[in-house]
Amino acid sequence: MGIPRFLNVWGTHQFWVGFFNALGVGKIVFSSETSEEQYREYGKGRITMDSCYPVKALAGHMGELLHRDINLLFVPMIYSLPSFLKGHVVDTLSCTRVMMSVENLKAGFLREKDEFSQRGIKFVSPFVPFAEPEILPKYLWESLKEYIPGLSLEETAKAVKEGFKALDTFEGKMREKSLEIMKWCVKNKRPALLVLARPYHMDPGIGHEIDGEFQPYGYPVLWYNYLPLHDWLLDWLFGDEIRAGIIKSPFDISDVWTSSYSSNTNEIIWGAKFAARFPWITGVIRLSSYECGMDQPTFTPVQKIVESSGTLFFKFGELDETKPAGSVKIRVETIVYYLEKYSQEIVRKKLIRLKPVPSELLT
């Protein structure tokens, strides 16, 4: 079983590991992280549409897996995503261009000859509505039953539960790690940075490892999608606004974003609100890829939310396939200068607006 390490798989990979392990399909092979070499060797000439670079890069991932020891290439068309904001927003849909990219890029491998059948590899790309777990087993079963002999709908439904369980376990560990880092910041009076981006920007070939550039300077870097969600923490940050009737819950973003249909966008907006309130997050880094139509409308609202609290805001927009190593290092040095100069004052001012620090953060 080969699965491209691309796009929305970055936020759901633990589901697929849990799901396929429960079905006992054998070894799961993920493609390598995105790189220029991967695209040039396996993806060049396969692209049938103009799009953002993260979508184009999928051609390289699919092509690489065709040269690996697999007999089934699984590339999900993810329509909606699991989200901790579900129930508090209108919907949790994925980008439609990202979802449809699978079929468009598949055509690139069929245009001159059927490279799947030539290599003895079956291709399957199920429609995946993560936000509707009650119908998800049916879609997966109908796509896989041809390739997994004897597979039943009941087995698929049980595997889906195992997949969600694996995803929840993984995200729980990540949120606890983030809390551990935040406690370290409180204890050592050190600021942290928060990254607001799409989950696939964790791919070094897509996000250019910008988050890692801050590590040598001693600034912990948190990602919005793995922030801790403990009741005591959210009450400390959002409780006054709930009791004042400004928002209905800690996860309510309707006060700043009414078009809450996109999962990643919703979580980026919420992450901006969290960063604006948590004292020890003194800087926010926004990443966005070239031609991302989903990100365009959010640039100004996110910046306003962050800067209205006095938190520093930095944007690396229009990232593309060229690794801008030199310019990134220069910008990082500039950002570190501002963090060192203003962070302690930012923490002091943000603490004044809140009630005393919860004891749970001091342990």
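This is a predicted model, so every value here is computed, not measured. Only this structure's heavy atoms are used, side chains among them; waters, hydrogens and symmetry mates stay out.
Looking at Glu360 and Leu233, their side chains never come closer than 4.5 Å, going by heavy atoms from C-beta outward. Between Leu222 and Pro220, every side-chain heavy-atom pair lies at or beyond the 4.5 Å cut-off. For the pair Leu193/Leu339, a side-chain contact is recorded, criterion being any heavy-atom separation below 4.5 Å from C-beta on. At a threshold of 4.5 Å between non-hydrogen side-chain atoms, the residues Trp280 and Met182 do not count as touching. Counting heavy atoms from C-beta on, the side chains of Ile281 and Phe274 come closer than 4.5 Å. Side chains of Val332 and Lys329 form no contact here, defined as non-hydrogen atoms less than 4.5 Å apart. Looking at heavy atoms from C-beta onward, Leu7 lies in side-chain contact with Ser101 at the 4.5 angstrom threshold. You'll find the side chain of Pro301 stays beyond 4.5 Å of the side chain of Val256, heavy atoms only.
Ring-centre distance between Tyr290 and Tyr53: not below the 6.0 Å cut-off. In this structure, Trp16 has its ring center closer than 6.0 angstrom to the ring center of Phe130.
For the residue pair Thr282 and Lys350, no side-chain donor N or O sits within less than 3.5 Å of a side-chain acceptor on the partner. A donor and an acceptor atom, one from each side chain of Thr298 and Arg286, are located under 3.5 Å apart. Counted by atom type alone, His201 and Ser289 present one or more donor-acceptor pairs between their side chains at under 3.5 Å. No side-chain donor-acceptor contact under 3.5 Å links Ser80 and Glu132.
Using a 30° and 60° split on the angle between ring planes, Phe127 and Tyr139 fall in the tilted class, from 30° to 60°. Using cut-offs of 30° and 60° on the angle between ring planes, the pair Tyr42 and His67 is tilted.
Using a 4.0 Å cut-off between charged side-chain N and carboxylate O, Glu180 and Lys177 make a salt bridge. Ion pairing of Arg348 with Glu345 is present here, as a side-chain N (NZ or NE/NH1/NH2) and a carboxylate O approach within less than 4.0 Å. A salt bridge links Glu142 with Lys138: the distance from a Lys NZ or Arg NE/NH1/NH2 to an Asp or Glu carboxylate oxygen falls below 4.0 Å.
Geometric assessment of Lys273 against the ring of Trp270 yields a negative cation-pi assignment under the 6.0 Å and 45° thresholds. Judged by a 6.0 Å distance limit and a 45° cone about the ring axis, Arg119 is not positioned over the six-membered ring of Phe109. Figure legend: cation-pi geometry between Arg331 and Phe314 absent, as NZ or CZ is not positioned both under 6.0 Å from the six-membered ring centre and within 45° of its axis. Under a cutoff of 6.0 Å and an axis angle of 45°, Lys106 and Phe123 do not form a cation-pi pair.
At a threshold of 4.5 Å between side-chain heavy atoms, the hydrophobic network of Ile, Leu, Val, Met, Phe, Trp and Tyr places Ile210 and Tyr337 in one connected group. Leu81 and Leu227 fall into different hydrophobic clusters, defined by Ile, Leu, Val, Met, Phe, Trp and Tyr side-chain heavy atoms under 4.5 Å apart, directly or through other members. Hydrophobic clustering of Ile, Leu, Val, Met, Phe, Trp and Tyr side chains at less than 4.5 Å, counting indirect connections, unites Leu58 with Leu72. There is no path of hydrophobic side-chain contacts, each under 4.5 Å, that joins Val284 to Tyr219. In terms of hydrophobic clustering, with Ile, Leu, Val, Met, Phe, Trp and Tyr side chains grouped at heavy-atom distances under 4.5 Å, Val124 and Leu136 are assigned to a common cluster.
Between Val128 and Pro76, the shortest heavy-atom contact is CG2-CB, 3.8 Å. Smallest separation of non-hydrogen atoms from Tyr224 and Arg198: OH-CA, 4.4 Å. Closest of all the heavy-atom pairs between Gln14 and Leu167 is CB-CA, 4.0 Å. Closest non-hydrogen pair, Ala275 versus Thr311, comes out as O-OG1, 3.8 Å. The two residues Phe15 and Gly163 have their closest heavy-atom pair at CD1-C, 3.2 Å. Taking both residues in full, the closest heavy atoms of Asp203 and Thr34 are given as OD2-OG1, 2.5 Å, listed atom of the first, atom of the second, then distance.
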message: For Glu162 and Lys165: C-alpha separation, side-chain torsions, deciding distance, then whether salt bridge (charged side-chain N to carboxylate O under 4.0 Å, His left out) applies.
response: CA-CA 5 Å; Glu162 291 301 314; Lys165 189 185 298 181; 3.3 Å; yes
message: Pair Lys122, Phe116 - check side chain to side chain contact (heavy atoms under 4.5 Å, CB included), show working.
response: CA-CA 6 Å; Lys122 303 292 185 182; Phe116 303 106; over 6 Å; no
- prompt: What's the verdict on side chain to side chain contact (heavy atoms under 4.5 Å, CB included) for Gln303 and Lys315, showing C-alpha distance, side-chain angles and the deciding distance?
  reply: CA-CA 9 Å; Gln303 184 170 356; Lys315 176 169 168 276; 5.7 Å; no
task: Apply the test side chain to side chain contact (heavy atoms under 4.5 Å, CB included) to residues Asp235 and Arg243: give CA-CA distance (whole Å), side-chain angles for both, the deciding distance (0.1 Å), then the verdict.
output: CA-CA 10 Å; Asp235 183 69; Arg243 288 182 279 277; 3.2 Å; yes
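Proximity of a side-chain donor or acceptor of Ser343 to a complementary backbone N or O of Glu340 within less than 3.5 Å is not detected.
With sequence neighbours excluded, no residue forms a ring pair (Phe, Tyr, Trp, His ring centres under 6.0 Å) with Tyr200.
Screening Thr92, Leu93, Asn8, Ile78 for a side chain to side chain contact (heavy atoms under 4.5 Å, CB included) involving Ser263 leaves a single residue, Thr92. For the pairing with Glu64, the side chain to side chain contact (heavy atoms under 4.5 Å, CB included) check across Gln38, Glu37, Arg5 returns one residue only, Gln38.
In this structure, Lys158 places its NZ atom where only 12 or fewer heavy-atom neighbours from other residues, nucleotides or ligands lie under 6.0 Å away.
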